[in-house]
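Scroll down for the structure; my scribbles are underneath it.
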Amino acid sequence: MIDKINQLRAEIEAATAADLKEVEALRIKYLSKKGEVSLLMQDFRNVPAEQKRELGQKLNELKTLAGERIAALRESLENVESVDVDLDLTRTPSPLPLGTRHPLSLVRDEIVDIFSRLGCTIAEGPEIEDDWHVFSSLNFAADHPARDMQDTFFVTRNPDVLLRTHTSSVQSRVMEKTQPPIRIICPGRVYRNEAISARAHCFFHQVEVLYVDEHVSFADLRQALLYFAREMFGPDTKIRLRPSYFPFTEPSAEMDISCNLCGGKGCSFCKHTGWVEILGCGMVDPNVLEACGIDSTKYSGYALGMGVERITNLKYQINDLRMFSENDKRFLEQFRSAR
C-alpha cells in the first residue's frame, strides 16, 4: 500500500489540466467514491493493526494533497476563463448615448476660432473683480448707473469687490501688464442684477476683442467686423454701424447684421426692419489707454464685445435665454450634430 500511496502522490503532484472539464475529471479519478484515493481508504480496513497509524497518516496527507491540488488547478483556470481576451476594457457601458457640447460652448468656440485667424490669443481673468478693473480703469464716471447695486452684484459691503459685469476687465488687466501690440480675445461669464426672463438673465457669457497698436483705425475695426459676420452667419451677410455711446470707447457704435432669416427683407424676428443688432464696438478711449499705462499719443486701438447667448439665439433661432441654463436634455440633444 505504501508503494501505491507514493505512486498516487507523484501523479497528483504532476497533474495538470487544460480546462475545467479536465479538473473535474481529476477530481472524479482521485476523490470520488470510486476514486483511487477512496479505494485506498477502503483497503485501509485490511491493514494490520501495527501499520494503521503510519499508513493512516500517509492516506490523510494524500487525500489533503489531492484536494489542494485540484482546488489550485480549478482556481487558476477560473481566473483565466473569466477574462475575455476580446473584451475592450476601455469601452463605456452599453447602451450609453454619447453626449454633446452645450450650444453656448459651440458658439463661443466658433467665435474664438474666427478671431484667432485674425491673430487674437485668448486672455482670461477672475470673475470676482475690483472696482478699478471693472469700472475706473475703463473710464466709468463715479456716478455711473452701472456702479449701483440695482445693476451690479457686490460681493461684500465693500463696494470695491464685485462680480464682473463685463469681460472688459480682462482687457484692462492685460493692458496694465503688456505693451502694444496687443491682440486678444476675452471669453467668459459675467453677472448683472437683472430680473430673469426670456430675454434677460442674471448671468450670461461675453466675448470681447481688443486690438491696440500703432495706426489702428476705425476702418480696421469695420473690416474685422465684416469678416466675423460673414464667417459666422454666411458670406452674403451685410453689416451696418450705428452711432452709440460706451464709456470706454470713442467713437462708439452698435453693429447690426442683415437678418439671417429673411435675408434683410423684413420679418417678425427682425421686427420687419431687415436688421438685427449683435454687438457693440468702438475705438478705445485715450483715457483708458492712459489709465492702463499706454501712451495714447503713440498707440490707438479698437474693442468690440458681444453676448454669446445673443449670437446663439441668432444662429439657432432660440427665443428663450432660460433654456441655456435649465439643462433640459430634450433641448441639449438637439445640438448633437451641431459640431
Side-chain angles (χ1 to χ4, degrees), residues 115 120 123-155 158-194 204-222 224-225 241-255 277-307 310:
F115 282 102
C120 294
E124 297 178 330
E127 295 184 5
I128 300 178
E129 266 288 9
D130 55 60
D131 178 275
W132 168 258
H133 291 100
V134 175
F135 296 130
S136 299
S137 64
L138 296 172
N139 206 35
F140 280 80
D143 59 350
H144 194 281
R147 296 176 183 263
D148 194 273
M149 286 191 298
Q150 293 181 352
D151 290 336
T152 299
F153 289 110
F154 291 90
V155 177
N158 182 355
D160 191 52
V161 182
L162 61 145
L163 298 179
R164 65 184 182 188
T165 60
H166 48 193
T167 52
S168 301
S169 58
V170 181
Q171 299 180 27
S172 61
R173 285 183 174 274
V174 172
M175 286 189 288
E176 282 180 340
K177 300 177 181 179
T178 309
Q179 284 298 305
I182 299 171
R183 198 190 295 258
I184 58 172
I185 182 167
C186 314
R189 181 180 293 182
V190 298
Y191 305 84
R192 294 183 187 175
N193 191 3
E194 297 188 14
F204 54 99
H205 300 79
Q206 277 190 340
V207 174
E208 299 198 18
V209 175
L210 173 70
Y211 176 38
V212 180
D213 202 350
E214 296 184 39
H215 312 300
V216 178
S217 68
F218 202 95
D220 297 320
L221 169 60
R222 185 186 183 283
L225 293 173
L241 298 173
R242 294 179 288 103
S244 186
Y245 168 75
F246 303 109
F248 37 85
T249 54
E250 179 60 36
S252 303
E254 291 181 347
M255 188 183 91
E277 176 192 340
I278 66 167
L279 59 82
C281 59
M283 301 300 295
V284 180
D285 193 296
N287 292 335
V288 174
L289 295 175
E290 295 293 341
C292 295
I294 296 176
D295 186 356
S296 63
T297 62
K298 182 179 180 181
Y299 297 104
S300 59
Y302 65 71
L304 62 97
M306 68 193 83
R310 180 63 169 164

message: side-chain contact (heavy atoms from CB on, under 4.5 Å) for Tyr299 and Met175? Distances and angles first, verdict last.
response: CA-CA 12 Å; Tyr299 297 104; Met175 286 189 288; over 6 Å; no
message: Would you call the rings of Tyr302 and Tyr211 parallel, tilted or perpendicular, taking 30° and 60° as the class edges?
response: perpendicular
- prompt: Hey, does the side chain of His133 reach the backbone of Val170 with a donor-acceptor pair shorter than 3.5 angstrom?
  reply: no
- prompt: Are the side chain of Asn139 and the backbone N or O of Pro247 linked by a donor-acceptor pair below 3.5 Å?
  reply: yes
field: Arg242 side-chain N/O to Glu254 backbone N/O, donor-acceptor pair under 3.5 Å
entry: no
query: What pair of heavy atoms forms the shortest contact from Pro180 to Ile294, and how long is it?
result: CG-CG2, 3.8 Å
query: Just wondering, do Phe218 and Leu241 contact through their side chains at under 4.5 Å, heavy atoms?
result: yes
query: Would you call Val209 and Cys281 a side-chain contact if the rule is heavy atoms closer than 4.5 Å?
result: no
- prompt: Of all heavy-atom pairs between Thr152 and Asn193, which one has the smallest distance, and what is that distance?
  reply: N-CB, 3.9 Å
task: State whether the number of non-hydrogen atoms from other residues, nucleotides or ligands found under 6.0 Å of Arg192 atom CZ is greater than 12.
output: yes
query: Hey, are Arg310 and Glu277 close enough for a salt bridge, meaning a charged N less than 4.0 Å from a carboxylate O?
result: no
field: Contact check, side chains of Arg173 and Glu129, non-hydrogen atoms, under 4.5 Å
entry: yes
query: So Phe140 and Phe135, would you call those rings parallel, tilted or perpendicular, with 30° and 60° as cut-offs?
result: perpendicular
- prompt: How about Met283 and Thr249: do any of their side-chain heavy atoms sit closer than 4.5 Å?
  reply: no
query: Between Leu279 and Leu225, is a side-chain contact (heavy atoms from CB on, under 4.5 Å) present by the stated rule, with each step listed?
result: CA-CA 10 Å; Leu279 59 82; Leu225 293 173; 3.8 Å; yes
message: If you compare all heavy atoms of Phe246 against all heavy atoms of Ser252, which two are closest, and at what distance to 0.1 Å?
response: N-OG, 3.4 Å
statement: What one should report as the nearest heavy-atom pair of Gly293 and Gln179 is O-NE2, 3.2 Å
field: Donor-acceptor contact below 3.5 Å, side chain Gln206 vs main chain Thr167
entry: yes
- line: Closest non-hydrogen atoms of Thr178 and Ile182, given as atom of the first, atom of the second and distance, are O-CD1, 3.4 Å
field: Side chain proximity check, Val174 to Leu210, heavy atoms < 4.5 angstrom
entry: no
query: Are Ile278 and Met306 close enough that some pair of their side-chain heavy atoms sits under 4.5 Å apart?
result: no
- prompt: Between Asp295 and Leu289, is a side-chain contact (heavy atoms from CB on, under 4.5 Å) present by the stated rule, with each step listed?
  reply: CA-CA 7 Å; Asp295 186 356; Leu289 295 175; over 6 Å; no
query: Does some side-chain heavy atom of Glu176 sit less than 4.5 Å from a side-chain heavy atom of Trp132?
result: yes
query: So, do Val190 and Phe204 sit near enough that their side-chain heavy atoms are less than 4.5 Å apart?
result: yes
message: Can you tell me how far apart OG (Ser169) and CG (Leu138) are? Round to the nearest 0.5 Å.
response: 7.5 Å
